[in-house]
Amino acid sequence: MSSFSDDDAFEAAAAPRVPLSQRAMGGFAQPYLEGLNPAQREAVEALNGPVLMLAGAGTGKTKALTARIAHLLATRSAQPNEILAVTFTNKAAREMKTRVGALTGHIEGMPWLGTFHAICVKLLRRHAELVGLKTNFTILDTDDQLRLLKQQVAAAEIDDKRWPARMLSGIIDGWKNKAWVPSQVPVAESSAFDGKGIELYAAYQQRLKDLNACDFGDLLLHMVTIFQTHDGVLKEYQERFKYILVDEYQDTNVAQYMWLRLLAQGHKNICCVGDDDQSIYGWRGAEVGNILRFEKDFPGATVVRLEQNYRSTGHILGAAAGVIAANKGRLGKTLFTDGDDGEQVRLIGHWDGETEARWIGEEIEAMQRGTRGIDPMALNDMAILVRASHQMRAFEDRFLTIGLPYRVIGGPRFYERMEIRDAMAYFRLAVSQDDDLAFERIVNTPKRGLGDKAVQTIQTTARTNGVNLVEGARLCVEGGLIKGKGGAALRELVQGLDRWFAQLRAEADTHVEVAEMILDESGYTTFWQNDKTPEAPGRLENLKELVKALENFENLQGFLEHVSLIMDNAQDEQDDKVTIMTLHAAKGLEFPAVFLPGWEDGLFPSQRSMDESGLKGLEEERRLAYVGITRAEQHCCISFAANRLVYGQWQSQMASRFIDELPEDHVEVLTASGLYGGGMSAAANPASVGMGSHLHDKAASADVYNSPGWRRLQSRSQQRPVAQPQESRNMVIDMTASSSHTVGDRVFHQKFGYGEVMEIEGDKLVIEFDKAGEKKVVAKFVVGSAQADDVPF
DNA sequence: CTGTGGCTAACCACT
DNA sequence: TTAGCCACAG
């Protein structure tokens, strides 16, 4: 519960509650040291000066980190409120809190353990006036931010076709990540956004100030500014934080780095934990350089390497090591395990994305039943990790058809859903009528007959009178500026807002009741009840869930604060389900079995990241591959497809270059799935069995044959017995390989059954299928531009 | 003021 | 393929 009013850490009692058992031992009992290996122990006990803990995947860094905190407390080196411990995600913060609690007995004692953003909010609330904000400033989400920037772009009369607000938002975020306020943006950047970027940035910051708001990047930026310009404030915190601990240091951006440096200049007791091989947030401004430079930045630092892996089998570690070895300029770690080599990493190519999804589905079922030669596994122990969220769809489709339970992590988050945002905007307005952005969002939601024109009028009125939009709306109603149906509805809305505002303060009802009242009286609930789209019931459910979530907070403000910083959504763990998530979301997690689909050049490594960042981009993609493999404990299966549907277009894919980087000894190559020559075409053209047979043009065909991934798969599969067609449903004739067909060929197609080739027109095949009855169905297969329905499977 | 159809651009990851 | 935007009609 992180409402900011209740736990002001400065006033929090500092007395540590040492468990009786330890007190009886005179503080010498150090159970938290048990089970630590020598390296971990060194990192825990090095209490003087900077420490860099290079912790490879699965080497127990959280254990070391929490033990270090316990050690600080037990040795009385610091009080709980003198330790600053920062993480990136709320989940990591929560876990650390729990584990420290379990280790030391004080659960509530760590007021400064949290995410960068949560800690900065806490600090900024105290010093808001130093950057021209009031202490009750609001934190804008991406949506609000974009809306604001859109207005700015429009006001500057810039063509938002060529210069979209989206792009501006990205540029400004980038600058904020580098800790540049508008006046600090270097000249080299002045051409950004049609030469107006810096100007717009300044205007945007001013607008935020007027709104008494800040965006995500500001939380850090403002604190860095305050520390740089107010020595007294900086001193206060330098003295307060005797020990600083930083998790995932490789993901820090420049602003976070500066923030940490400024604070660490006091006692210099900063302990950073990270893994340069797992830096995967470059696109968000993370600087791997921060960790690579650590020893220069903090002279005399103790560097500890955690290399003993407790998570994965030898083969999995070996495969991961082989991939990451291709990166240059690493700090270098060699993970080892005391455990078995286990099963080799498995590699398999598929005909297309659908085949891949089907194969993985079957594999998962086999593993669950225990019919794959291994003990039965729970679905909860299996995960599919994809590069991009759109890859999830194929699996969802497939799993829905076969009734395999799954959960998707990532996707549109609960608090980012439209209905939740709308409801939150109402709550925000009930808390503060100054929240113009919230007002803009809901004036006409549900529809009140207030369009652009009405909103314009309200805005002008508000501006000329120097008041907020709610006040402006009130003036419009009273002055008769907005008439008719819209005027009446607006009057009702304003009255409603006043009423809810008063009710929240009256405390006659709980905030939960008021929230329900708001959703009811505003007509928002009715709005969705009347909606007949299939999503409506789900949205109503979400609203109910939102209200339920309120119960955990003391007041609406506390809840709003919490939500603005929460970016992860709690997931139900009760049911047995396969997890589908992105590689990014998987960092920090582990699963006994991991599937890594879609290892195709352009998709993974992603073309865009290579276009944008060249070799740096490729190396980050490789680290992503490393992260993916090292999530696996026992089983890891990598796959790719020769064809994929992109923008409704079929594209032939090349196996990812990362596949070639897998060391052979640790990999077992399975035979390509989904492409078994069903008679004719296979006999006529042996090349049509396996990858690449779909190719119609020689150039593209050569591409695939010459692609390293393909070659390897070919040669390896030759060492293995030739695959037998497993079941008839896997049998398919390569419809698009028209060169291998002649008129009169009998063919079999998974969906349409048996048929006969009637004619061949260039790249088109006309096939007459003998479906049941006398009716003949004619289908055309157009190479390269086939529609989804026309393609085999 | 709202709803619709056609056009265009986008498809990467997230605190 | 799909989402988002704009122009236009009702």
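Only this structure's heavy atoms are used, side chains among them; waters, hydrogens and symmetry mates stay out. Residue numbers begin at 1 in each chain, while the letters A, B, ... track the order of the sequences. Keep in mind it's a predicted model, so treat the numbers as computed, not measured.
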Gap between atoms [atom1] and [atom2], on [X] and [N] respectively (whole Å):
| X | N | atom1 | atom2 | answer |
| --- | --- | --- | --- | --- |
| A/R166 | B/dC11 | CZ | C1' | 12 Å |
| A/L220 | B/dC14 | CG | P | 19 Å |
| A/E600 | B/dC11 | CD | P | 19 Å |
| A/I458 | B/dC1 | CD1 | P | 11 Å |
| A/H390 | C/dT2 | NE2 | P | 14 Å |
| A/M581 | B/dC12 | CE | P | 21 Å |
| A/D611 | B/dA13 | CG | C1' | 16 Å |
| A/L603 | B/dA13 | CG | C1' | 12 Å |

Can you check whether [X] has a side-chain N or O nearer than 4.0 Å to OP1 or OP2 of [N]?
| X | N | result |
| --- | --- | --- |
| A/T89 | B/dC14 | no |
| A/R387 | B/dC12 | no |
| A/T582 | B/dC14 | yes |

**Prompt:** What orientation do A/H127 and A/Y237 show, parallel under 30°, tilted 30 to 60°, or perpendicular over 60°?
**Reply:** perpendicular
**Asked** Where does the angle between the aromatic ring planes of A/Y201 and A/W175 fall among parallel (under 30°), tilted (30 to 60°) and perpendicular (over 60°)?
**Response** tilted
**Interface with DNA chain B, restricted to residues 613-628 of chain A and to heavy atoms under 4.0 Å** = none
Check every atom of [options] against the side chain of [X] and return the nucleotide holding the closest atom.
| X | options | answer |
| --- | --- | --- |
| A/H584 | B/dA13, B/dG3, B/dC12 | B/dA13 |
| A/K447 | B/dC12, B/dT15, B/dT2 | B/dT2 |
| A/F216 | B/dT15, B/dT2, B/dA13 | B/dT15 |
| A/S609 | B/dC12, B/dC14, C/dT2 | B/dC12 |
| A/K453 | B/dC1, B/dC14, B/dT15 | B/dC1 |
| A/R393 | B/dC12, B/dC14, C/dT2 | C/dT2 |
| A/R284 | B/dA13, B/dT15, B/dC1 | B/dT15 |

Name all residues meeting the ring pair (Phe, Tyr, Trp, His ring centres under 6.0 Å) criterion together with [X]; count only those two or more places apart in sequence or in a different chain, and write none if there are none.
| X | value |
| --- | --- |
| A/Y281 | A/W283, A/H584 |
| A/W163 | A/F193 |
| A/Y249 | A/F294 |

Under the side-chain hydrogen bond (donor to acceptor under 3.5 Å, both in side chains) test, which residues partner [X], sequence neighbours left out?
| X | answer |
| --- | --- |
| A/D275 | A/Q278, A/K333 |
| A/Q607 | A/D611 |
| A/R166 | none |

**Prompt:** How does DNA chain B look in dot-bracket form if you count Watson-Crick and G-U pairs under 3.5 Å, write [ ] for pairs that cross, and put | where a base pairs with another strand?
**Reply:** ||||||||||.....
**Message:** Need to verify one output field. Residue with the more 5' nearest nucleotide on DNA chain B, A/T87 or A/L450?
**Reply:**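 Residue closer to the 5' terminus by nearest nucleotide: A/L450.
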**Message:** Pick the closest DNA chain B nucleotide for A/N444 and for A/W283 by heavy atoms, then say which residue is nearer the 5' end.
**Reply:**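 With A/N444 and A/W283 compared, the 5'-side residue is A/N444.
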Nucleotide N/O to protein N/O under 3.5 Å, stretch nucleotides 5-9 of chain C:
from	atom 1	to	atom 2	distance (Å)
C/dC5	OP1	A/K150	NZ	3.3

For [X], side chain to side chain contact (heavy atoms under 4.5 Å, CB included) partners two or more places apart:
| X | result |
| --- | --- |
| A/A394 | A/A357 |
| A/A625 | A/V323, A/W599, A/F604, A/F658 |
| A/V443 | A/F439, A/L450, A/V455, A/I458, A/L490, A/L493 |

**Message:** By the 4.0 Å heavy-atom rule, please label A/Q256 as base, sugar-phosphate, or nothing.
**Reply:** nothing
**Message:** Categorize A/K485 for me: base, sugar-phosphate, or nothing, with a 4.0 angstrom heavy-atom threshold over every strand shown.
**Reply:**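 Touches nothing.
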**Prompt:** Can you tell me how far C1' in C/dC5 sits from the matching atom in B/dC12, rounded to whole Å?
**Reply:**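 Those two atoms are separated by 23 Å.
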**Message:** Any carboxylate oxygen within less than 4.0 angstrom of a Lys/Arg side-chain nitrogen, looking at A/E600 and A/R387?
**Reply:**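 No.
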**Prompt:** Short question: side chain of A/Q145, backbone of A/L140 - any donor-acceptor pair under 3.5 Å?
**Reply:** no
